[in-house]
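Take a look at the structure set out below.
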Amino acid sequence: MHPQAPADPPPGLIVTRFAPSPTGHLHIGGARTALFCWAYAKRTGGRFIIRIEDTDQARSSEASARGILEDLAWLGIDWDEGPELTVRRQGKEARIGGDPRRVGPWFQSQRLDGYNAVAGDMLDRGLAYAAFDTPEQLAAMRRAAESAKQTFRYHPAPDQIPSPELQRRRIAAGEPHVVRFRAPDGPVRVTDRVLGEVRFDAGEVDDFVLRKADGFPTYHFGVVLDDQAMGVTHVLRGQEHLMNTPRHVALQHALGYRVPVFAHMPLIFNDQGAKMSKRERDQAARAAVKKAAITSPPHVPHDHPTHTGAAPALDPDAFAAWIADPKRQLDSDALDRLASAMGLALPEVSVHDFRKAGYLPEVITNFLALLGWNPGTKSDDGKDLERFDMAYLAERFDLDRLGKTNARFDRVKLASFNQATLGGMSSARFADRLRLWASTHRPDMLERLGDRFAFAAAAAQPRCKVLSDAPAVLAFALTDDDALALDPKAVAKNLAAPAGPEPGAPTGADLLPPARQQLAQLEPFAPEAIDAWAAAFVQARSVPLGKLAGALRVAVTGAAVSPGLGHTLACLGRASALRRIDRCIAHAGAHQAP
RNA sequence: GGCCCUGUCGUCUAGCCUGGUCUAGGACACCUCCCUUUCACGGAGGCGACACGGGUUCGAAUCCCGUCAGGGUCACCA
């Protein structure tokens with residue numbers, strides 16, 4: 001395949017693409033871009049392709065590329081063309097990707113011949129030239145421009161450019177060089193589906209680099225050539241790319257390529273009102289470390305589920321350097337280790353983070369779709385439609401309803417959507433989801449709960465914003481009976497105080513022994529049966545239900561707050577519940593003894 | 001700083017193109033009440049915005065201009 005061969009798509013076929021660079025996890029903003037590209041292709045019966053822009057040899061990795069593809073697939077954003085990936089869905093294997101139109105390969109590092117052919121051609125035609133400046137020279141030129149309060153632009157007059165013969169001689173001599181585009185002198189007009197006409201004055205586009213000294217194409221060169229070769233008709237991307245667009249358009253004009261339809265989407269902001277970035281996690285972690293006045297890398301506690309060994313969360317030198325330099329970033333795994341060692345919840349930024357925290361993919365895509373797009377429709381109850389699924393997007397998404405204003409990423413609202421979805425599921429479905437999440441993130445939970453897992457899931461369901469809330473909600477059931485600590489305040493309120501105002505009313509502690517005796521016989525030991533028993537128990541004794549529930553709650557959880565009594569006891573299981581009640585009775589007795 | 005984009009409740013937005021139906025609608029958050037063995041869930045209600053200034057017009061959130069504010073971008077990163 002020769003990228004310069006104009007690959008005109010079949011008339012009317014819309015082709016979109018998402019082109020991540022494999023330098024880390026999939027950013028949430030990238031996920032939105034991919035989602036909209038996907039949705040637009042689906043809506044119009046077009047093709048959605050994935051291309052991997054791995055032209056930065058130092059930062060790209062295959063593991064990252066694979067992770068990005070897996071996260072996309074997890075979100076349900078499937079590509080029609082692109083790298084092949086096999087995933088398991090509902091127990092079956094599904095294949096995503098492929099190359100039916102024969103426009104691959106999809107990794108830019110495998111397309112170098114094509115870029116070189118076009119670069120050579122441009123050199124021959126005088127559309128581009130070889131430049132021999134060293135990085136140091138360029139840096140000096142930038143400094144000079146800055147001190148002269150001028151904007152640095154690499155755009156030498158034609159007679160300043162070495163002659164073609166001289167360029168050839170120096171190249172032949174093996175001199176390191178880049179290939180630069182000879183930028184046009186006129187203004188460049190960009191037509192954008194979201195922003196309208198945007199005009200860039202003459203001179204705004206400079207002689208940017210097409211091919212780097214290492215022989216790899218720059219982003220601009222790769223994008224333009226591949227979009228042409230792959231027949232891309234619509235380029236949907238974040239507004240941060242707007243200033244790149246005149247470069248791409250100028251290149252497309254020079255090369256006689258099609259100019260795709262552009263749609264620059266509003267940015268996703270963080271709480272500080274700036275573009276959401278991975279750096280936030282570093283900042284949050286660094287702030288926490290400074291606040292805790294920690295000077296050496298902490299160890300993951302041995303009893304912590306994420307504990308992997310005796311090693312500290314990260315290398316001491318790297319840690320010190322990271323603390324000292326606010327600009328420095330830790331790799332994502334090291335950051336995760338540090339956070340879990342400190343018991344920190346870092347703000348989620350990449351899809352990977354959200355997945356780990358227990359957000360549902362269908363909620364993430366729904367929420368993301370609302371950032372920059374709006375269906376502008378009412379739902380049946382007359383309110384604005386906000387909750388919808390991928391099928392709805394595939395049917396209704398359009399460019400006209402893309403907004404122009406940057407959107408703050410409202411984590412609280414996302415959490416609310418997630419909670420609503422979690423709470424709206426059948427309890428069986430919720431249990432399945434929780435089990436799936438726990439199997440990779442908290443296998444200890446599954447082991448300890450065993451066949452009582454369904455009770456625990458039912459208890460957790462209305463109390464989880466994200467699946468990772470479950471361990472905290474169920475913490476009482478995840479500790480050893482002997483390790484349970486009784487909250488003194490809860491003991492005073494629910495066990496020691498009398499049940500009613502009348503003299504001689506029983507205290508909560510008084511209810512424990514008879515309750516324990518009856519619970520030992522109760523069948524089945526399940527939430528509904530326990531709640532029914534409790535109602536009968538208090539009716540027979542004319543005490544408020546709260547007195548019994550409070551007393552048992554403190555006895556078996558140590559705290560005044562827990563899920564409903566039936567669920568709480570059921571997810572402990574009879575043996576553990578009785579042991580805890582006994583332990584509490586002994587504890588209370590010890591206190592009352594003179 | 002140059003260039004570019006944007007400005008409706010605290011936040012995300014509907015309405016703007018095709019001025020009047022807008023005493024500006026919804027969602028999240030917040031507050032109150034109800035339900036209730038605690039927590040949570042659920043239900044009902046409430047608070048709350050057209051950045052500012054000028055025009056055009058009988059009439060402007062909607063059209064025009066300016067001011068201010070916010071953001072993006074200025075690499076042999078993508």
Side-chain angles (χ1 to χ4, degrees), chain A residues 19-21 23 53-56 58-60 131 133-135 138-139 142 146 149-153 176-180 190 192 194-195 198-201 203-204 206 208-214 216 218-220 222-223 238-246 264 266-267 269 271 273-275 367 370-372 374-379 381-387 400 403-417 419-420 423 459-464 473 490 493-494 531 534-535 538 544-554 557 559-565 568:
Chain A
S21 64
T23 56
E53 309 213 325
D54 58 343
T55 55
D56 184 338
R59 295 199 302 152
S60 296
D133 318 84
T134 65
L138 284 170
R142 282 201 187 85
E146 193 181 346
K149 292 201 183 239
Q150 289 190 321
T151 305
F152 174 71
R153 284 204 186 83
H177 65 282
V178 300
V179 174
R180 283 183 182 271
V190 172
D192 187 276
V194 174
L195 302 171
V198 185
R199 209 187 115 99
F200 297 87
D201 289 332
E204 286 296 320
D206 72 354
F208 60 91
V209 174
L210 300 174
R211 189 176 66 194
K212 304 183 265 188
D214 66 2
F216 274 54
T218 59
Y219 161 70
H220 307 294
V223 161
Q239 231 174 68
E240 74 265 28
H241 283 292
L242 184 59
M243 300 307 277
N244 291 150
T245 309
H264 286 92
L267 265 14
F269 277 3
D271 293 328
K275 196 171 70 170
F367 183 73
L370 254 9
L371 260 29
N374 188 290
T377 308
K378 305 254 186 241
S379 49
D381 58 7
K383 296 178 170 179
D384 291 359
L385 181 70
E386 273 197 327
R387 305 304 310 272
D400 295 330
K404 298 180 179 185
T405 58
N406 299 146
R408 190 163 307 213
F409 191 88
D410 187 350
R411 293 169 187 285
V412 177
K413 184 161 177 170
L414 170 64
S416 166
F417 274 27
Q419 181 172 39
Q461 187 171 8
R463 295 171 178 81
C464 286
V473 170
K493 183 165 176 252
N494 295 323
D531 284 331
V538 297
L545 180 56
K547 202 64 211 174
L548 200 228
L552 284 171
R553 175 171 291 116
V554 175
T557 71
V561 172
S562 87
L565 186 63
T568 299

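Only this structure's heavy atoms are used, side chains among them; waters, hydrogens and symmetry mates stay out. Per chain, numbering begins at 1; letters A, B, ... match sequence-line order.
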ask   = Counting any heavy atom closer than 4.0 Å, what does Pro176(A) reach on the DNA or RNA strands: base, sugar-phosphate only, or nothing?
value = nothing
request  = Report which part of the nucleic acid Thr405(A) touches: base, sugar-phosphate, or nothing (heavy-atom distance under 4.0 Å, all strands).
outcome  = sugar-phosphate
message = I'd like to know if the side chain of Thr55(A) reaches the main chain of Thr218(A), judged simply by a donor and an acceptor atom lying under 3.5 Å from each other, with no hydrogens or angles considered.
response = no
key: Euclidean distance for C1', A24(B) against C9(B) (whole angstrom)   = 10 Å
ask   = Between His264(A) (NE2) and C5(B) (P), how many Å, whole number?
value = 12 Å
key: U67(B) versus C4(B) - spacing of their P atoms, nearest Å   = 14 Å
task = Please state whether the phosphate of C77(B), meaning OP1 or OP2, lies under 4.0 angstrom from any side-chain nitrogen or oxygen of Thr55(A).
result = no
key: Any donor-acceptor N/O pair, Lys413(A) side chain to Phe367(A) backbone, under 3.5 Å   = no
key: Atom-to-atom span, CZ of Phe208(A) to P of C77(B) - whole angstrom   = 14 Å
query = NA contact type, Asp133(A), heavy-atom cut-off 4.0 Å: base, sugar-phosphate, or nothing?
reply = base
query = When the C1' atoms of U62(B) and C50(B) are considered, how many whole Å apart are they?
reply = 10 Å
message = Tell me if a side-chain donor or acceptor on Asp133(A) pairs with a main-chain N or O of Leu138(A) at a distance below 3.5 Å.
response = no
inquiry  = Need one value for Leu195(A): base, sugar-phosphate or nothing, where a base atom within 4.0 Å counts as base even if backbone is also close, heavy atoms only.
reply    = sugar-phosphate
key: Under 3.5 Å donor-acceptor, Arg153(A) side chain and Gly203(A) backbone   = yes
Integer-rounded Å distance: C3(B) P and Asp201(A) CG = 8 Å
key: Sugar-phosphate, base or nothing in reach of Ala560(A), heavy atoms under 4.0 Å   = base
message = Between G70(B) and U23(B), how far apart are the two P atoms, rounded to whole Å?
response = 33 Å
Distance, C1' atom - from G26(B) to C64(B), rounded to whole angstrom = 31 Å
query = Is the shortest heavy-atom distance from the side chain of His177(A) to the side chain of Arg211(A) under 4.5 Å?
reply = yes
request  = Taking atom types as modelled, find out whether Ser562(A) and Thr557(A) have a side-chain donor-acceptor pair closer than 3.5 angstrom.
outcome  = no
task = Select base, sugar-phosphate, or nothing to describe what Asp531(A) touches, counting heavy atoms under 4.0 Å on all strands.
result = base
ask   = Do the side chain of Arg408(A) and the main chain of Asp271(A) share a donor and acceptor less than 3.5 angstrom apart?
value = yes
message = I'd like to know if the side chain of Ser416(A) and the backbone of Val412(A) have a donor-acceptor N/O pair within less than 3.5 Å.
response = no
inquiry  = Heavy atoms only, 4.0 Å cut-off, all strands: where does Lys149(A) land among base, sugar-phosphate and nothing?
reply    = nothing
inquiry  = I'd like the C1' distance from C17(B) over to A60(B), given in whole Å.
reply    = 15 Å
ask   = CZ of Arg211(A) versus P of C77(B): gap in Å, rounded?
value = 14 Å
Protein proximity profile, nucleotides 26-31 of chain B - base contact B, sugar-phosphate-only contact S, no contact -, cut-off 4.0 Å on heavy atoms = BBSS--
message = Would you measure the distance from the P atom in G10(B) across to the matching atom in C52(B) and give it in whole Å?
response = 12 Å
request  = Quick one: label Gly372(A) by what it contacts on the DNA or RNA (base, sugar-phosphate, nothing), any heavy atom closer than 4.0 Å.
outcome  = sugar-phosphate
task = Summarise how protein sits on nucleotides 67-75 of chain B as a single string, 5' to 3': B when a protein heavy atom is under 4.0 Å from the base, S for sugar-phosphate-only contact, - for no contact.
result = ----SBS-S
Separation of U13(B) P from Leu371(A) CG (nearest whole Å) = 6 Å
ask   = Using the P atom in both, what is the distance from U11(B) to C16(B), to the nearest Å?
value = 23 Å
request  = Would you mind reading off the distance between Leu552(A) atom CG and U37(B) atom P, rounded to a whole angstrom?
outcome  = 15 Å
task = Round to the nearest Å and state the distance from Arg199(A) atom CZ to C5(B) atom P.
result = 12 Å
ask   = Considering residues at least two apart in sequence or located in another chain, which fulfil the side chain to side chain contact (heavy atoms under 4.5 Å, CB included) criterion with Pro246(A)?
value = Val188(A), Val190(A), Phe200(A), Val205(A)
key: Polar side-chain contact Arg408(A)-C12(B) base: donor and acceptor under 3.5 Å   = no
message = With rounding to the nearest 0.5 angstrom, report the CG to CZ distance, Asp56(A) to Phe216(A).
response = 9.5 Å
